[in-house]
Amino acid sequence: MTNSDFDFIQATLPAADLIYNLARRSTTGREEAEDLVQETYLRALKAWRAHRRPEKVEPWMATICLNIIRSDYRRDRRRPDEVLSAEPGRWQASDDNTEDAAFSHIQREQVNALIERLPEEQRTALTLVDLCGLTAAQAARITRSPRGTVLSRVHRGRKALAIMAKANKVKDHES
Amino acid sequence: MSHNPEQDAAAYLGGAMREKKSRRFEEHLLECQDCWNEVTLARRGRVLSESARAIAPQALRERVRASVESEPATSPAPRLQWAGAAGLAAAVVIAVVGMLVRTPAPGPNAIRQPDPVAQAIVDFQDRRVPAEGTTTHEAPDLTEIGFQIAGAGSGAIGELKVDGFAYLDATGRRLQIYVADEPFPEAVGAKSWSGPDSPWTASAQGIQILCADSPLRLLALSDRPEVLQAVSAYLKMS
């Protein structure tokens, strides 16, 4: 591995969770999401090797990922109507309590299914801000939308999620 | 002041309101049921959506790393593409300097460490791991303490055959671990924990070093002492 490639891995691997979350919300299954993550990294590597280094890695990687999705990744693909199956990957645990962890896992599956039902623009905004941890300004640049529009989409997405959760009796830790 | 509960709540929760306006809105919230509902619903939605954050599986990280390692360079670096003979000569100089940097070369007043330890320090500083072959030892799994593998390879440090593993955590803290079949030489200035065969620690050129024979024969390096403390506790070194 060259110094440059090693630097690339060191700079970009911490963004793997962000890209994985984005990919999971933009594809139909885990395998497809993992392919998308890999494709994102390879395209980023190509740019890195051509000395196109970002100021901030996270929004840069998210932009590359979304560009792939927009360009060819989801061509002729449709999102399934059914609820996504349980995520085999590890989930962030809110604490070490086993009972809580089990509760959290079930709840996350339910929340994931609800997020899938949101309109695409709201889902993308919600994913970038709440799941990927980007700021509204970063999400605005990535989606080429005004910041106010992103804030509005995030807000509507959150509201819709809360309403659907209540209707489906999905609880969170605060309820 | 126009009253648009959805727009105001979105701006308030998104941090888009100036402090004075934000305070006014908070006062307004206490007397406006519509705005209160907007904020309460959106807050609950945020808690729900944030709870769905996933962590990329370790196997995926490994796959990404492997694909980067095996991805052939499609074209030479741009500097070499446009550089002429002078550029090429400069590139050769850079390459030679690079090779010199790879070789442990302590200054006249520096303490000379045994070759494997000195080479490990240089590798850590250069962010390199040996790259002569694939590893035969299993990489210590440190995901529980937040460290993911960023690089791996087999080779030698000094005369000692090792597998090298570079780790990173989400905050960018670095850790390098070498696993060997033969014992590592003790660093100059090493402090043993309890006796001749117990783990030892040392510090050299701003880098902390930890060495143990059990449960693995390993040499660990980091520029953050708390990282090595976490590793020794997690691996139950003795």
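Bear in mind the structure is a predicted one, so any value in this text is a computation, not a measurement. Within every chain, numbering begins at 1; the chains are lettered A, B, ... in the order of the sequence lines, protein sequences first and strands thereafter.
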Spacing of CD belonging to B/E71 relative to CZ belonging to A/F8, to within rounding of 0.5 Å:
10.0 Å

Measure distances from A/L151 to the heavy atoms of chain B and classify the residue's part below 4.5 Å as side chain, backbone, both or neither.
both

Considering only heavy atoms from C-beta outward, does the side chain of A/Q110 approach that of B/L48 to under 4.5 Å?
no

What part of A/L13 gets within 4.5 angstrom of chain B, counting heavy atoms only: side chain, backbone, both, or neither?
both

Contacting moiety of B/E6, where chain A heavy atoms sit under 4.5 Å
both

Which portion of B/E38 sits near chain A, non-hydrogen atoms under 4.5 angstrom
both

Which pair of non-hydrogen atoms, one from B/G15 and one from A/R147, has the smallest distance, and what is that distance?
O-NH2, 4.0 Å

What pair of heavy atoms forms the shortest contact from B/S67 to A/Q38, and how long is it?
CB-NE2, 3.1 Å

Which heavy atom of B/S49 sits nearest to which heavy atom of A/L126, and what is that distance?
CB-CD2, 3.9 Å

Taking every heavy atom of A/F6 against every heavy atom of B/A166, the minimum-distance pair comes out as CZ-CB, 3.7 Å

Rounded to the nearest 0.5 Å, how far apart are CD of A/Q10 and CZ of B/R127?
4.5 Å

If you look at every heavy atom in B/A52 and A/L131, which pair is closest and at what distance?
C-CD2, 3.6 Å

Within a radius of less than 6.0 Å around CD of A/E121, do more than 12 heavy atoms belonging to other residues, nucleotides or ligands occur?
no

Say you draw a straight line from CG of B/L41 to NE2 of A/H155; how long is it, rounded to the nearest 0.5 Å?
8.0 Å

What's the separation between atom OG in B/S70 and atom CG in A/L42, rounded to the nearest 0.5 Å?
8.0 Å

Taking atom CD as the centre, does B/E26 end up with more than 12 heavy-atom neighbours from other residues, nucleotides or ligands that are less than 6.0 angstrom away?
yes

Looking only at atom types and distance, does a side-chain atom of B/R53 sit under 3.5 Å from a main-chain N or O of A/D130, one as donor and one as acceptor?
yes

Does CD in B/E19 sit with more than 12 non-hydrogen atoms of other residues, nucleotides or ligands closer than 6.0 Å?
no

For A/A136, is it the side chain, the backbone, both, or neither that has a heavy atom closer than 4.5 Å to a heavy atom of chain B?
neither

Could you look at A/V129 and say if it's the side chain, the backbone, both or neither that has a heavy atom under 4.5 Å from chain B?
backbone

With a 4.5 angstrom heavy-atom cut-off, is it the side chain or the backbone of B/A170 that approaches chain A, or both, or neither?
backbone

What's the separation between atom OG1 in A/T12 and atom CG in B/L168, rounded to the nearest 0.5 Å?
9.5 Å

Closer than 3.5 angstrom, by distance alone: can the side chain of A/D17 be matched with the main-chain N or O of B/I55 as a donor-acceptor pair?
no

Supply the atom-to-atom distance A/I9 CD1 to B/R61 CZ, rounded to the nearest 0.5 angstrom.
11.0 Å

Taking all heavy atoms of B/R44 and all of A/A162, pick out the closest pair and write down the distance.
NH1-O, 3.7 Å

At a heavy-atom distance under 4.5 Å, which candidate from A/L18, A/I115, A/L45 has the highest pair count against chain B?
A/L45

